[in-house]
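Since the structure comes first, as structure tokens, the remarks are kept for the end.
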Amino acid sequence: MNRTLAFLALFLPLLASAAQQPNILFIYTDDQSTRTVGCYEDAFDFVKTPNIDALAKSGVRFARAYIGSWCMPSRATMLTGHHQHGVESMRMEGEYPGSAYDPKLSPFWPAVFRQHGYVTAQIGKWHTGVDGGYGRDWDYQIIWNRPKYVKNSPNYYHDQLTEFNGGTAQLVKGYTTDNYTKWAVEFINGKGRDKEKPWYLWLCYGAVHGPFTPADRHKGNYKAAKVPVPKDVYPPRPGKPKYVQKMEHWEPKNGEPVERKVRELGPVGMKDIPGRPLRDWIRQYHEGVRAIDQGVGRVLQALKESGQDENTLIVFTSDQGFAWGQHGFKSKVGPYHATVGAPLIIRLPAVKARKTAGRVVTEPVSGVDLPPTFFAQAGLPLPWKMHGEDLSPLLEDPKAKRTAPAMLVHTGKIYGSATAKIPPADDPRLYHGPGVPWYVMIADGRYKYVRNFIEGEVEELYDLERDPEELKNLALESRQAKRLKVYRQKAIEELSRTQAPFLANMPRPSTLK
């Protein structure tokens, strides 16, 4: 009897823990800058996002989150817990955005959640190989598989070829942000799942990716909005790397920036529109966020009405940000807050969230930190060594501090061990987006460091407290030499810790004396 009681004393807490495993709602948008969310300091005055702002008040908001550099590697990180250089076998293949991976070499962790009793679901945009993983990684899946249906890949907002639970793709009408929201609400209310099991839902909106199309009901919402002009929309940009100094998407006309013709055909079939004012692009982009905010409101209301709010972890973020004129950009990818800084809000299950509700974490975090956080919150062991750090202490303790630096690594369209050989400066594989070369970025405390993988290029160091717009490169100041050396070493240590294949081959910067 005593042995039985002793066994129960050890085993019952595990049963109780399993019974209390939280649901996880992971809302993931596309190309959404912190400037589009009202609760962020850099948001424009005209921005209206009441539902996302309310989520921030009930949870923890992260001021500096670097989730990824562009769509595909950001999602690969979300599925593996690894930086791009650690995602083995992932590759671009065939006509863009065609891609592929070997699930044995590049396993995705939702399969592990399935093995531990979770119902796993994914709804929305899929951009990580033609294999969506239904039946292996996902119990329930409604996806627009961009890599699989290349000719349909520009259709971010209407007429998407959509796969339902691995079936033959169907052409679905309607505004996609609203469609995804509807399907998510249905899942939350019990469609396609065992109501006795905890669930994980990755809700992947395609907005506000180009061509930046708002819902009809929101077109013109911001037509009278006053839009500030970025300070370095035009060159010169002293201290920046050469590719940034050459960035010229905009030119002055009648006292304001207008678009130049830079390319014949842009991403997802979107052409540049020479002469279109920057302010009009920004207004249109922000109007596209209105439907996302409404969608967030609808899914959160579904949680409350179904009685699941008390036991659901909610995460809201984006794959990365998007710059409109900052440093001359009209894109993502670049190693600046304007280009890659994403909103990140995490709310613990409502029953636990009150202790840290409304907290703002100023320590920078990375996309690789989210998967280990999910495992920790679910009470599950990591299936493999991940690159990130569990953020649970920051969510549960108002006084907690992050101890490790945040890192973002951009290696273009190349992944895993294939990154061991860094392409030369004249090789197009070294670049992605508007000519952005491979780089490593480290953010720690109030400073951020960038090292581009081009021989003889300058390093970058920014004081984000005094210079949040990242206009002054401190790496060029002799009095900052000691701090530059410290941050250079931080980058090397993080690359070493995460076993970056290219570590020994990085080109020497001009600022390394």
Side-chain angles (χ1 to χ4, degrees), residues 23-34 36-40 43 47-59 61 67 71 75 78 121-127 140-144 155-160 162 172-192 199-219 221-222 284-306 308-309 312-319 321-322 342-347:
N23 305 315
I24 300 175
L25 171 61
F26 185 20
I27 304 171
Y28 198 74
T29 69
D30 203 318
D31 286 13
Q32 187 177 357
S33 164
T34 53
T36 70
V37 180
C39 60
Y40 273 83
V47 168
K48 296 177 181 178
T49 51
N51 295 297
I52 302 173
D53 296 347
L55 179 63
K57 288 182 180 178
S58 66
R61 176 169 67 85
I67 306 301
C71 304
R75 285 163 175 76
M78 292 303 99
Q122 196 239 329
I123 293 172
K125 174 182 173 180
W126 177 260
H127 193 182
Y140 186 78
Q141 192 178 44
I142 304 176
I143 57 169
W144 175 49
N155 293 23
Y156 264 84
Y157 295 95
H158 298 94
D159 302 327
Q160 290 187 342
T162 305
V172 176
K173 299 288 185 177
Y175 189 66
T176 58
T177 301
D178 295 341
N179 289 342
Y180 299 169
T181 298
K182 172 192 170 187
W183 295 329
V185 168
E186 289 175 347
F187 176 80
I188 289 170
N189 287 332
K191 185 175 182 179
W199 50 264
Y200 166 78
L201 169 60
W202 193 21
L203 172 56
C204 297
Y205 287 112
V208 284
H209 193 288
F212 317 108
T213 306
D216 288 343
R217 64 186 180 275
H218 296 134
K219 290 179 179 178
N221 274 193
Y222 294 141
Q284 176 181 326
Y285 170 74
H286 281 74
E287 287 170 356
V289 178
R290 298 299 303 277
I292 293 175
D293 185 72
Q294 290 180 342
V296 169
R298 286 184 60 195
V299 296
L300 297 187
Q301 186 63 30
L303 283 177
K304 292 179 180 177
E305 291 177 352
S306 63
Q308 299 176 86
D309 186 54
T312 300
L313 174 75
I314 303 168
V315 178
F316 175 88
T317 192
S318 188
D319 52 5
F322 196 93
L344 174 61
I345 299 166
I346 304 179
R347 198 217 68 180

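Each residue takes its place number in the sequence, starting with 1.
In this model, no donor atom of one side chain and acceptor atom of the other lie less than 3.5 Å apart for Thr312 and Gln308. Side-chain contact of Tyr156 with Lys125: a donor-acceptor pair under 3.5 Å is present, judged by distance alone. Counted by atom type alone, Thr181 and Tyr205 present one or more donor-acceptor pairs between their side chains at under 3.5 Å.
Electrostatic pairing of Lys219 and Asp216 counts as a salt bridge here, judged by a charged N lying under 4.0 Å from a carboxylate O. Ion pairing between a basic and an acidic side chain is recognised when a charged N comes within 4.0 Å of a carboxylate O; Asp30 and Arg75 show such pairing. Salt-bridge formation is not detected for the pair Arg298/Asp178: no Lys NZ or Arg NE/NH1/NH2 atom is positioned less than 4.0 Å from an Asp or Glu carboxylate oxygen.
Between Tyr28 and Ile67 there is a side-chain heavy-atom pair separated by less than 4.5 Å. Annotation: side chain of Gln32 is in contact with side chain of Val37 (closest heavy-atom distance under 4.5 Å). When side chains are defined from C-beta on, Leu303 does not count as touching Asn23, because their heavy atoms never get closer than 4.5 Å. Counting only heavy atoms from C-beta outward, the side chains of Lys173 and Asp159 approach each other to under 4.5 Å. Val208 is not listed as a side-chain neighbour of Thr36, based on a closest heavy-atom distance of 4.5 Å or more. Contact of the His127 side chain with the His209 side chain is not registered, since no non-hydrogen atoms from C-beta on lie closer than 4.5 Å. Looking only at side-chain heavy atoms (C-beta outward), Phe316 and Ile52 come within less than 4.5 Å of each other.
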Task: Trace of the side-chain contact (heavy atoms from CB on, under 4.5 Å) decision for Tyr180 with Gln160 - done: CA-CA 11 Å; Tyr180 299 169; Gln160 290 187 342; 2.6 Å; yes
Open item on the list: As a quick check of understanding, evaluate side-chain contact (heavy atoms from CB on, under 4.5 Å) for Leu300 and Leu25, giving each step before the final call.
Closed with: CA-CA 9 Å; Leu300 297 187; Leu25 171 61; 4.3 Å; yes
Task: Asp309/Ile314 under side-chain contact (heavy atoms from CB on, under 4.5 Å): CA gap, chis, key distance, verdict - done: CA-CA 9 Å; Asp309 186 54; Ile314 303 168; 4.3 Å; yes
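Here the straight-line distance linking atom CG of Leu201 with atom CD1 of Ile123 works out to 5.0 Å at 0.5 Å rounding. Note: Ile27 CD1 to Ser318 OG = 12.0 Å, rounded to the nearest 0.5 Å. For the atom pair NZ (Lys304) and CD1 (Ile188), the distance works out to 12.5 Å, reported to the nearest 0.5 Å. Here OH of Tyr222 is found 12.0 Å from OH of Tyr285. Values are rounded to the nearest 0.5 Å.
Among residues two or more places apart in sequence or in another chain, the side-chain contact (heavy atoms from CB on, under 4.5 Å) test is passed with Asn179 by Val172, Trp183. Partners of Gln284 under the side-chain contact (heavy atoms from CB on, under 4.5 Å) rule, at least two apart in sequence or in another chain, are Phe212, Pro214, Arg276, Trp281. Applying the side-chain contact (heavy atoms from CB on, under 4.5 Å) rule to Thr34 yields the partners Tyr40, Asp42, His337, Pro343; only residues at least two apart in sequence or on another chain are considered.
Put simply, the side chain of Asp293 gets close to the backbone of Asn51: a donor and an acceptor are under 3.5 Å apart. Of the possible polar contacts, none joining the Thr177 side chain to the Ile292 backbone as a donor-acceptor pair under 3.5 Å is found. Not a single donor-acceptor pair under 3.5 Å links the side chain of Glu186 to the backbone N or O of Lys191.
Minimum heavy-atom separation, Ser58 to Arg347: O-CG, 3.1 Å. Taking each heavy atom of Phe322 and Ser33 in turn, the nearest pair found is O-CB, 3.9 Å. Nearest heavy atom pair, residue Glu287 against residue Asn221, reads OE2-N, 3.0 Å. Residues Cys39 and Ile345 share a closest heavy-atom pair of SG-CD1, 4.4 Å.
Ring geometry for Phe26 versus Tyr200: interplanar angle of 30 to 60°, hence tilted. Taking the six-membered ring where tryptophan is involved, the planes of Trp202 and Trp126 are perpendicular, since the angle between them exceeds 60° and thus also 30°.
Tyr140 and Trp199 have their aromatic ring centers separated by at least 6.0 angstrom.
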